[in-house]
Structures are given as C-alpha cells and as structure tokens.
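Each remark here refers to the structure printed beneath this line.
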Amino acid sequence: MLRKEITIKSKFVIKASIISLIGASLVACGASLREYEKFARAGQEYAAALDTLLVTSGNYAVDANSESLLRNRLEDVKKRQEYYRSFTKQDKDWLMLIGRMRQHTALLQRYFIALENLATSDAPIQAQEVTEDIFTQLNNVSTDIKGNSVFSDRAGSALSEIPKIILSNKIKGALRKELEQRKETIYKELELQESVLKLLTIQLTEDLKNIQNHQEYRLLLRPYTAADLISDPDAWIERRRNILTMTLSIEALNDASESAKDFKEAFKLLLEDKFTIARANELLSDINSLVNVAEGIKNN
C-alpha cells in the first residue's frame, strides 16, 4: 500500500529563506507593515507547500518504480538484476536532485539573512565577506542542480532570459551595492526553483498515475479475479476507494505550481518598490492553491 503519511524532516528550511528575504527587501524598500504581513504569510505558506512537494515527490518516485519492478519482474535473473539497477539509478538521480534543491534553499535562507545583516550591520565589510562566501556556495549548488541528469534532460532548457531589475532608490549603502551586483542572479536562482517545481509537478503526476495503475492491478484486479474469495471484502472496498481517488489532487497541480513564478516576480517588485496590497492578495490566493494541492497529495 502507498504510505499514508510523509515525514517532513526540514519543514522550515524554505520557509526561513523566504522570511529572511522579506526582512531584507521590505525594510530596504520601505514597504508598509500591512504589505510585510501579506508577503510574510505568502512566504510561509509557499515554503511549507514546496517543502511538502519536494519530500513527497521523492517518496512517490521510489514507490512508482517499486510498483513497476513488481509488475514487470523478469524471469531471467541477469536481466532482472539489470532491470532493478536501471530503476534504482533513476531513483538515486531524482533523490540527488531533491537533496541538492534542499541545499539550494538552505543557502538562499542564509544569503537573505546575510542581506538583512548587510542592511543593518555596523561592519559592512565583514557582512559583505559573509555574503560573498554564501553566494559562492549557492552558485556551486546551483551548478550541481543544472548538471543533474534529471534536470538537464527535462527542465534545463526552460530557464529564460533574466529581466533587467531597476533597483529602488530607497535601497541605500552596502545593501544597494550587493543587490546591484547580484539582483538578477538571485532572480535567476528563484527561477531555478520555479523550474524544479514545474518538473516536480510533472513527475508527481506521472508517478501517481503509475502507482494507481499498478496498485489497481496488483491489489484490486488480481484478488477480484482470483478463484478464491476475497478474504476481507470491507478492506478491499476501502483499498479500492483509496486507489481510485489518489489522483484527484493532481488535477489542479499545474495551475497551483504557477505560484513559484508569481513569487519570483514578487521579489522583483519588492526590489523595485512596486509591491502592492492588491498584488499581495493575488499572491496569497495563488499560493493557497498550492498549499491545498500539496496537502491533498501528501495525505493520499
């Protein structure tokens, strides 16, 4: 049976990165408290949803391949071993991408905290050194993600041209110098997360459908058509309901995944001092859709 619950080991990793971004950007841009609260709420919900999807995607990818291995088990021992190794390599590549994505997010967290420190520190040179070190690590992890075979084969070409960001005149001092140098690059890192999220939605959709098809055959059709009576009819009925409804949550997943794009654009608006209450409400609505979908898939 498909596992009922997914253990989230680092639920606040992405959440902290977004909240730190909020602190650095909104303080610098002079946004109102109401705008801050709206964006902070959006950041928390987006972070929790994305974290759920990252972990869930890894688990479901392994489950889908395990179901395929059981369904297509070959009689030839040598071929069976090759078949197993092939699927296991796919799983490891996918899990490696997810692990790198978590590292990427953790480094974004640290970088945005460093930006906030840069805006408020009495020692801007030391703060700049910390920012430089973190950004170097972030760039290395980003390179690893782009070099991952899963990403490069399926999403690498999706990265688009980075727009020119006109930094608000309200941003001053060492923070302005840092953002002038890296604002487009940070936008690119957020776009990388958007691309990975799109890939996650595609992979989750494929994996859930595969799991559904294989489990329907293995756990429903075979017992139903066997000569022996079904030993526990009530359990079979419950299992059938769970299997046939497990893909309901993915119907809205593609639309909900657009929230990553919206969040990336919100970052640009923050730096340009164009983030409004209306834009915040729209962002919250989009992210709420992602939250609902993520929770629905997690609880399958």
Side-chain angles (χ1 to χ4, degrees), residues 14 17-31 35-36 38-40 42-43 46-47 50 101 104-105 107-109 111-112 114-116 118-119 131-132 134-136 138-143 145-147 151-152 154-202 254-287 289-290:
I14 300 176
S17 71
I18 303 301
I19 297 305
S20 298
L21 179 156
I22 295 165
S25 299
L26 286 176
V27 169
C29 295
E35 289 169 341
Y36 174 90
K38 289 280 188 180
F39 199 87
Y46 169 78
L50 184 54
M101 191 61 191
H104 185 267
T105 309
L107 286 167
L108 274 178
Q109 168 197 354
Y111 180 74
F112 287 125
L115 283 185
E116 186 173 12
L118 196 61
T131 304
E132 181 74 31
I134 294 171
F135 195 85
T136 298
L138 180 64
N139 182 67
N140 291 337
V141 173
S142 178
T143 300
I145 291 173
K146 294 172 186 176
F151 181 84
S152 60
R154 301 179 59 182
S157 61
L159 298 177
S160 61
E161 184 177 351
I162 305 301
K164 183 70 174 178
I165 300 175
I166 308 301
L167 206 61
S168 169
N169 289 329
K170 295 180 180 179
I171 303 177
K172 306 292 185 182
L175 178 61
R176 183 178 188 86
K177 181 180 179 181
E178 171 67 20
L179 290 174
E180 283 284 12
Q181 179 182 357
R182 304 197 203 275
K183 59 186 186 298
E184 281 85 11
T185 306
I186 292 300
Y187 183 92
K188 182 173 66 175
E189 299 298 341
L190 294 175
E191 185 174 68
L192 179 62
Q193 291 204 346
E194 176 193 355
S195 296
V196 172
L197 179 55
K198 288 181 179 179
L199 180 58
L200 284 176
T201 63
I202 294 171
N254 288 330
D255 290 338
S257 68
E258 288 295 309
S259 61
K261 177 181 179 180
D262 295 338
F263 208 88
K264 175 192 68 180
E265 294 303 320
F267 169 74
K268 179 175 180 290
L269 293 175
L270 279 170
L271 296 189
E272 295 176 343
D273 198 22
K274 297 177 181 178
F275 190 72
T276 64
I277 290 296
R279 185 68 182 81
N281 288 334
E282 180 182 346
L283 181 62
L284 276 172
S285 177
D286 291 342
I287 290 175
S289 297
L290 180 62

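Just so it is clear, the values below take in all heavy atoms, side chains as well, and ignore hydrogens, waters and symmetry mates. Each residue takes its place number in the sequence, starting with 1.
- Remark: Q193 CD to L200 CG distance equals 10.5 Å, nearest 0.5 Å.
- How far CG of L179 is from OG1 of T185: 11.0 Å, rounded to the nearest 0.5 Å.
- Legend: residues meeting salt bridge (charged side-chain N to carboxylate O under 4.0 Å, His left out) with E132, ordered by chain and number and at least two apart, are R182.
- Here OG1 of T131 is found 11.5 Å from CG of L138. Values are rounded to the nearest 0.5 Å.
- One distance of note links NZ of K188 with OG of S195; it measures 12.0 Å at 0.5 Å rounding.
- Salt-bridge check for E180 with R176: passed, with a basic side-chain N closer than 4.0 Å to an acidic carboxylate O.
- Checked against side chain to side chain donor-acceptor pair (under 3.5 Å), Q181 has no partners two or more places apart in sequence or in another chain.
- Of all the heavy atoms in F151 and L199, the pair that sits closest is CA-CD2, 4.2 Å.
- Closest heavy-atom contact between V196 and I145: CG2-CG2, 4.3 Å.
- A distance of 6.0 Å separates CD in E189 from CZ in F135, rounded to the nearest 0.5 Å.
- Annotation for S152 and G147: closest pair OG-O, 4.4 Å, computed over non-hydrogen atoms.
- Rounded to the nearest 0.5 Å, atoms NZ (K177) and CG (L167) are 14.5 Å apart.
- Taking the side chain to side chain contact (heavy atoms under 4.5 Å, CB included) definition, one finds that K274 meets it with L269, E272, sequence neighbours left out.
- Annotation: ring-ring contact (aromatic ring centres under 6.0 Å, His included) contacts of Y187 (sequence neighbours excluded): none.
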Exercise. For E265 and K261, what are the C-alpha separation, side-chain angles and deciding distance, and is it a salt bridge (charged side-chain N to carboxylate O under 4.0 Å, His left out)?
Worked result: CA-CA 6 Å; E265 294 303 320; K261 177 181 179 180; over 6 Å; no
